[in-house]
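Data first, discussion second: the structure below is written as structure tokens.
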Amino acid sequence: MSKELVVLVARKDPFEQEERFQSSLEELQSLTETADGEVCKIITQKRDRVHPATYLGEGKLEEIKEAAEESEAELVIFNDELSPGQLRNIADRVGVRVIDRSQLILDIFAGRARTKEGKLQVELAQLQYLLPRLSGQGTALSRLGGGIGTRGPGETKLETDRRHIQRRIDDIKKRLDTVVKQREQYRKRRKENRAFQVAIVGYTNAGKSTFFNRVTDSQSFEEDLLFATLDPLTRQMSLPSGFLALLSDTVGFIQDLPTTLIAAFRSTLEELTEADFIVHMVDASHPDHMQQEKTVLRLLDELGAGQLPILTVYNKKDLLQEDFIPHSFPSLTVSVHDPIDRKRVLHKIEEVLKDEWYEYDVFVPASEGKRLQQFKAYSMITSIHFYEEKEGYALHGFIHPEHPLKHQIL
């Protein structure tokens with residue numbers, strides 16, 4: 001299948017830092033490639049204020065039109081969220097399809113969602129985004145022949161009126177409520193079983209799924225693309241001491257996520273607030289990694305997960321040109337493709353937990369096999385000795401201060 005040719009357009013605010021602007025532009029390019037587009041030209045303009053009707057000035061729109069004709073591009077993507085009026089006016093002036101960054105991200109999400117919940121959330125976000133943009137979309141929608149910005153479950157029904165869409169939105173919200181309740185039940189069961197939860201968070205494409213797959217031997221989708229993982233996955237993993245934990249892989253963060261999507265993916269990210277421990281994966285080789293790290297930490301705070309113990313893992317050390325200085329602690333600099341480095345991460349998780357947990361010594365008679373298994377599964381045992389004369393095991397280890405087993409330690 002031939003890739004769709006795309007012209008990218010970005011406005012630079014005079015007060016915006018050059019690095020941040022470039023990083024956002026590169027991200028738009030990666031997003032376009034993830035959506036199977038090929039960037040043939042990038043047009044930027046320094047401009048103090050956004051033009052209320054056309055976003056950019058007349059002269060710039062003429063330049064975009066010429067660039068699209070010259071390169072035979074079928075699509076223009078703006079690196080900003082455009083108002084419904086701006087979208088219409090620009091498309092009239094430029095003569096080809098125009099979408100904005102939000103539509104592009106929604107499109108990728110539509111192609112990536114795998115579970116029922118993921119698909120419902122994407123459709124909800126698409127419909128909420130399209131509702132105010134319906135007028136004037138009539139002609140555009142009747143000739144939707146596919147292509148970037150037209151994917152997903154929402155597009156065919158959109159030729160009908162707003163009432164239909166509003167009904168669909170209400171319907172999806174109801175169905176999502178049911179899914180959320182089911183998930184809460186599932187979480188409650190996990191909590192009752194006192195399963196220890198580790199969540200991997202980080203910017204999109206930082207290496208979360210690669211780490212998740214290697215550590216849990218699972219087959220989550222793993223590719224050098226933005227948003228490769230959309231639906232949260234949870235699998236069991238074993239830490240070096242034999243302690244069993246549940247590891248969850250979450251959707252990747254991104255700068256300037258469309259507002260409709262933040263709401264829709266809130267529940268996917270709410271898994272984080274249930275976690276006991278967070279592994280924050282950072283692509284250390286990314287020029288803007290500090291900004292990305294801050295974005296994630298800010299979002300964790302907003303979700304109410306900012307107080308959880310965190311280990312920052314600076315990934316992709318094999319791509320680093322110079323010495324790397326971490327600015328979060330505790331942290332490790334690794335390549336998650338390296339098995340030794342993955343072991344180091346698991347050891348480090350235990351090390352951080354030992355500082356937080358209750359240190360214990362307990363004697364378990366050999367006849368109490370079940371109790372011994374419980375200590376092995378729910379705590380980190382650092383040493384175990386069998387005493388023949390006492391017929392039992394002396395354990396030394398660490399346990400979560402609120403774990404019910406702690407009451408059995410005298």
Side-chain angles (χ1 to χ4, degrees), residues 31 34-35 77 80-84 87 99-138 140-141 144 146-187 201 204 221 225-234 248-274 299 302-305:
L31 287 165
T34 298
I77 302 179
D80 223 336
E81 192 161 311
L82 299 173
S83 73
L87 269 171
I99 66 171
D100 60 18
R101 182 190 177 97
S102 297
Q103 233 169 319
L104 174 63
I105 293 173
L106 284 167
D107 186 68
I108 294 169
F109 274 50
R112 289 266 181 271
R114 294 282 173 274
T115 62
K116 183 172 116 187
E117 180 185 15
K119 287 176 179 157
L120 284 172
Q121 283 177 329
V122 175
E123 186 178 354
L124 179 62
Q126 283 182 316
L127 294 175
Q128 285 172 330
Y129 176 83
L130 278 159
L131 198 54
R133 293 170 171 76
L134 268 185
S135 52
Q137 282 255 8
L141 284 164
L144 277 180
I148 298 172
T150 67
R151 256 182 292 244
E155 79 259 9
T156 48
K157 308 186 193 73
L158 293 177
E159 279 140 311
T160 47
D161 62 0
R162 288 165 188 275
R163 279 196 310 277
H164 178 91
I165 291 180
Q166 195 52 62
R167 273 202 303 273
R168 180 77 188 133
I169 286 175
D170 296 339
D171 176 46
I172 293 175
K173 282 183 172 167
K174 275 199 204 86
R175 287 165 68 183
L176 275 171
D177 277 347
T178 317
V179 177
V180 169
K181 286 195 182 82
Q182 286 167 348
R183 202 211 292 268
E184 273 167 11
Q185 287 296 315
Y186 173 56
R187 275 201 213 133
V201 304
T204 177
F221 187 70
L225 288 175
L226 299 178
F227 301 123
T229 307
L230 258 195
D231 300 305
L233 288 159
T234 302
S248 299
D249 187 9
T250 59
V251 59
F253 290 75
I254 187 168
Q255 281 167 347
D256 315 320
L257 195 63
T259 37
T260 48
L261 262 185
I262 290 176
F265 281 83
R266 214 55 181 200
S267 69
T268 338
L269 290 171
E270 268 165 8
E271 286 278 298
L272 296 176
T273 56
E274 296 295 322
L299 260 165
E302 283 170 23
L303 285 163

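Please read these numbers as outputs of a predicted model, since none were measured by experiment. Residue numbers start at 1 and run along the sequence shown.
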Subject >> Separation between CG of L106 and CD of Q128, rounded to the nearest 0.5 Å >> reply: 10.0 Å
**OP:** Kindly compute the distance separating CD (Q126) from CD1 (I165), expressed to the nearest 0.5 Å.
**Re:** 11.0 Å
**OP:** To the nearest 0.5 Å, tell me how far L127 CG sits from H164 NE2.
**Re:** 8.5 Å
Original post:
Which heavy atom in R101 sits nearest to a heavy atom in I77, and how many Å separate them?
Top reply: N-CG2, 4.5 Å
**OP:** With the side chain counted from C-beta on, respond yes when L176 and K173 share a heavy-atom pair under 4.5 Å apart, and no when they do not.
**Re:** no
Original post:
Taking only residues two or more places apart in sequence or in another chain, which ones pass salt bridge (charged side-chain N to carboxylate O under 4.0 Å, His left out) with D80?
Top reply: none
Subject >> Non-hydrogen atoms of L82 and D100 that approach each other most closely >> reply: N-OD2, 2.9 Å
Original post:
Which atom pair, heavy atoms only, marks the closest approach of I105 to L31?
Top reply: CG1-CD1, 4.0 Å
Subject >> D171: side chain to side chain donor-acceptor pair (under 3.5 Å) partners, not counting sequence neighbours >> reply: R168
Subject >> Nearest heavy atoms of A35 and I108, plus distance in Å >> reply: CB-CG1, 3.9 Å
